[in-house]
Every structure is written in C-alpha cells, then in structure tokens.
Amino acid sequence: MNDLFVPLAIGAVVALVSGLGVVVARRPVHAVVALLAHSLAVAALYLMMAADFVALGQVLIYSGAIVVLFLFVVALLPAGGAEGPIGSRRVLSGVVAAGALLVALMAGLVAGGPGGSNVPIARNPAVGGVEAIGRSLFGPLLVPFELTAPLLLVAIIGAVAIWRRQEPLPDRDSPTRDSTP
Amino acid sequence: MTAETLVLATSAVLLALGASGVLMRRNPVSMLMSIELMLNAGNLVLVLAARARGAVDGQAAALIVLVLAAAEAVIGLGIALALFRTRENVDVDGPAEIHG
C-alpha cells in the first residue's frame, strides 16, 4: 500500500480540511457542503484501501442520503439555522478537550511504534468484494446485522412520531367542520 | 511514515475535530455533523484494520456503522426540527425542558 502513499495523503488532506470546514463554518449551509466534500474524500480513501463496497455505501448513504437530509433540515430551520455567538469559554473547553483527546490518540500511535502500527498491509492480497462481505455479514456478524433492521424501523417510527407530536391536533368541535348532514 | 500510520493519524485528527465541534457548537445541526465526522473516523480505522488483517470483517462492521449513522441522523435531525422550528434562536442551551 506504500505505493499509494501520495494519493492517500491527498485524500487525507482533503478529508481533514473539509472536516475542519464542517466544524468552523459559521453558516450551516457551508458546513453541509464541507460535509459533502468530506464524505466524498473518505470514500476515495476507502477505495484506495480496496474497500470498494464500503466506498459505494459511503457515497450512497452519506453523500446521497444523510447530506441531503442535513440540507433539508438546514433549509427548514428558522434563519437558516444560524447560531448565536459562541463564547470564548465554550471554544476554550472544546479546544482543550479535543487537544487532550488528540494527544492521547497520538501517544498511542507513537507508542505502537513501527512494530505496532506498521501492519504489513502490502503483503495482504486485496480483500473485499460483495460476496466476502455478505459471508461476513451473514456469518460472524449476523446478530448486529439483523439488529439493524429493528434499528431502522424504530428510527422511522420515532422520526414520524416526533414530527407528528408538534402538529396541532384537529379540533373536533371546530365550526369549520361540516357536521350537519 | 508509512501509509498505515498516515491513515491512523488522519483518523485520530478527525476524531478530535469532531469532538471539538460537538463541544463548541450551539447549533444542533452542526453538532450532529461533527458526530458524523467522528463516526467517519471510526470507520476509517475499521476499513484499515480489514485491509491490514486481510479479512473482510472490518468492512462489514463499517457498513453496519454506516446504517447506525443514518438512523442517528434521522432521529437527531427530527428532534432538532421539532424543538427549534418554533423558536427564534437555534441554540441547544435554549430549551430547558422537553414536553413529553
């Protein structure tokens, strides 16, 4: 995989810059566009790691469905979803917590060293293919895979229920309703 | 620096970025987008592990995480819309109570 270093680095830089755009963009519409670029860059990274089917799923589900859903919600929110000023205390807490997380992760990465993190990827044959993923999903991962079905069902019913609750109930005694035969 | 280290470092930075976004932003939609960043970071490591081990299980797990992200976005955005479409300010600190 080391011959893919430069393309991987380009994809990683695009994913990181657009991810930064998602976090710092003031207007949510800009953040959604940055999220679209980010998801496409991550899909490119998956392709370079020989995960064709995951890249396809990323483009279809993330870029196709989730980003469009975010766009709809941003369009429906009042004032385009623009938020108020962010206090310096909030920024400080976010930066400190994320910095600590990053330091911890990087320490783990460095401590892994060339022996721990330098997995001999290049020697492995390219894995992937829909058939192998299907065998895995219906084999060792059968229980979580089957649990995604009730998860999606609950998500659908929950979204509809949350939305319906906000609608005014029809007034049965309303004079506009024609009850006379 | 090998390609594997590059992908791992990218994933770590993405996770920290998403965490900072969740902590800093006041807009629920922006917070949800930052959560999507963190899920993407996790997925990157799963796919890298699948490649490194020569097994495909990590890719299947990444697909399950994709489905989870979709369900989470639907519910989160539904709550955000239900809470904020009648309010002036889109701010997660605003609603002190949620009516059942």
Side-chain angles (χ1 to χ4, degrees), chain A residues 1-2 4-5 8-9 12 16 19-20 22-23 28 31 35 42 46 49-51 54 57 61 65-66 69 73-74 76-77 81 83-84 86 90-91 93-95 97-98 101-102 105-106 109 117-119 121 124 127-128 132-133 136-137 140-141 144-145 148 151-152 155 158-159 162-163 166, chain B residues 2-10 12-21 23-27 29-30 33-34 36-37 40 43-44 47-48 50-52 54-57 59-64 66-71 73-75 77-82 84-85 87-91:
Chain A
M1 191 160 102
N2 281 325
L4 279 175
F5 186 82
L8 272 173
L16 285 176
L20 187 68
V22 171
V23 173
L35 185 66
V42 172
Y46 291 159
M49 287 190 278
V54 181
I61 299 178
I66 295 182
L69 187 66
V73 171
V74 167
L76 284 173
L77 278 178
E83 60 188 343
I86 298 175
R90 191 181 281 261
V91 172
S93 68
V95 168
L101 181 63
L102 186 62
L105 287 172
M106 284 299 176
L109 191 57
S117 63
N118 192 4
V119 190
I121 287 180
N124 283 324
V127 295
I133 293 178
S136 175
L137 279 179
L141 289 173
F145 176 65
T148 56
L151 174 77
L152 286 175
I162 290 167
W163 183 257
Q166 301 298 318
Chain B
T2 61
E4 300 80 36
T5 317
L6 173 76
V7 176
L8 281 176
T10 305
V13 176
L14 269 182
L15 192 80
L17 256 182
S20 74
L23 290 170
M24 276 195 293
R25 303 307 295 261
R26 297 166 67 183
N27 186 340
V29 179
S30 297
M33 281 193 265
S34 301
E36 303 291 338
L37 285 189
N40 265 337
N43 258 355
L44 263 182
V47 172
L48 179 72
R51 182 92 161 101
V56 84
D57 292 4
Q59 292 188 21
L63 283 174
I64 292 177
L66 271 184
V67 175
L68 185 100
V74 166
I75 291 295
L77 290 174
I79 291 174
L81 261 188
F84 291 107
R85 72 174 169 170
R87 289 171 196 268
E88 287 290 315
N89 294 326
V90 183
D91 186 348

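The chains referred to below are lettered A, B, ... by the order of the sequence lines, with proteins before strands, and numbering in each begins at 1.
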Visitor: Which pair of non-hydrogen atoms, one from B/Ala62 and one from A/Val54, has the smallest distance, and what is that distance?
Guide: CB-CG1, 4.1 Å

Visitor: Hey, could you give me the CG/CD1 distance between B/Leu81 and A/Ile162, rounded to the nearest 0.5 Å?
Guide: 10.0 Å

Visitor: State, to 0.1 Å, how close A/Leu101 and B/Ala16 come at their nearest heavy-atom pair, and which atoms those are.
Guide: CD2-CA, 4.1 Å

Visitor: If every non-hydrogen atom of A/Leu141 is compared with every non-hydrogen atom of B/Ala61, which pair is closest and at what distance?
Guide: CD1-N, 3.8 Å

Visitor: So which heavy atom on A/Ala12 is nearest to which on B/Thr10, and how close?
Guide: CB-OG1, 3.3 Å

Visitor: State which residues pass side chain to side chain contact (heavy atoms under 4.5 Å, CB included) with A/Ala31; sequence neighbours excluded, sorted by chain then number.
Guide: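 A/Ala31: side chain to side chain contact (heavy atoms under 4.5 Å, CB included) contacts with A/Ala25, B/Met33.
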
Visitor: Based on non-hydrogen pairs under 4.5 Å, which of B/Ala70, B/Ala19, B/Gly18 is most in contact with chain A?
Guide: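 Most heavy-atom pairs under 4.5 Å with chain A: B/Ala70.
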
Visitor: Need one label for A/Ile66: side chain, backbone, both or neither, based on atoms under 4.5 Å from any heavy atom in chain B.
Guide: side chain

Visitor: To the nearest 0.5 Å, how far apart are CG in B/Asn40 and OH in A/Tyr46?
Guide: 5.0 Å

Visitor: When you compare the side chain of B/Asn43 with that of A/Val42, does any pair of heavy atoms fall below 4.5 Å?
Guide: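 No, side chains not in contact.
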
Visitor: Is A/Ala9 close to chain B through its backbone or its side chain, or both, or neither, when contacts mean heavy atoms under 4.5 Å?
Guide: both

Visitor: Measure A/Pro144 against the heavy atoms of chain B and call it side chain, backbone, both or neither at under 4.5 Å.
Guide: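 Interface part for A/Pro144: both.
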
Visitor: Would a 4.5 Å heavy-atom cut-off, applied to side chains only, mark B/Leu63 and A/Phe145 as touching?
Guide: no

Visitor: Could you pull out the closest heavy-atom pair between A/Ala50 and B/Gln59, with the gap in Å?
Guide: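 Heavy atoms of A/Ala50 and B/Gln59 come nearest at O-NE2, 3.6 Å.
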
Visitor: When rounded to the nearest 0.5 angstrom, what is the spacing between CG in B/Leu14 and CG in A/Leu105?
Guide: 11.5 Å

Visitor: Would you mind checking which part of A/Leu16 comes under 4.5 Å of any heavy atom in chain B, side chain (CB onward), backbone (N, CA, C, O), both or neither?
Guide: both

Visitor: Sequence neighbours excluded, which residues qualify as side chain to side chain contact (heavy atoms under 4.5 Å, CB included) partners of A/Val23?
Guide: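 Here the qualifying residues are B/Leu17, B/Ser20, B/Met24, B/Ser34, B/Leu37.
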
Visitor: So for A/Leu69, is it side chain, backbone, both, or neither that comes closer than 4.5 Å to the heavy atoms of chain B?
Guide: both

Visitor: State, to 0.1 Å, how close B/Val74 and A/Ala159 come at their nearest heavy-atom pair, and which atoms those are.
Guide: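 So the minimum-distance heavy-atom pair works out to CG1-CB, 3.6 Å.
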
Visitor: Tell me, for A/Ile61 versus chain B, whether the close heavy atoms (under 4.5 Å) come from the side chain, the backbone, both or neither.
Guide: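 The side chain, not the backbone.
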
Visitor: Give, for atom CG of A/Leu8 and atom CD of B/Glu4, the distance between the pair rounded to the nearest 0.5 Å.
Guide: 9.0 Å

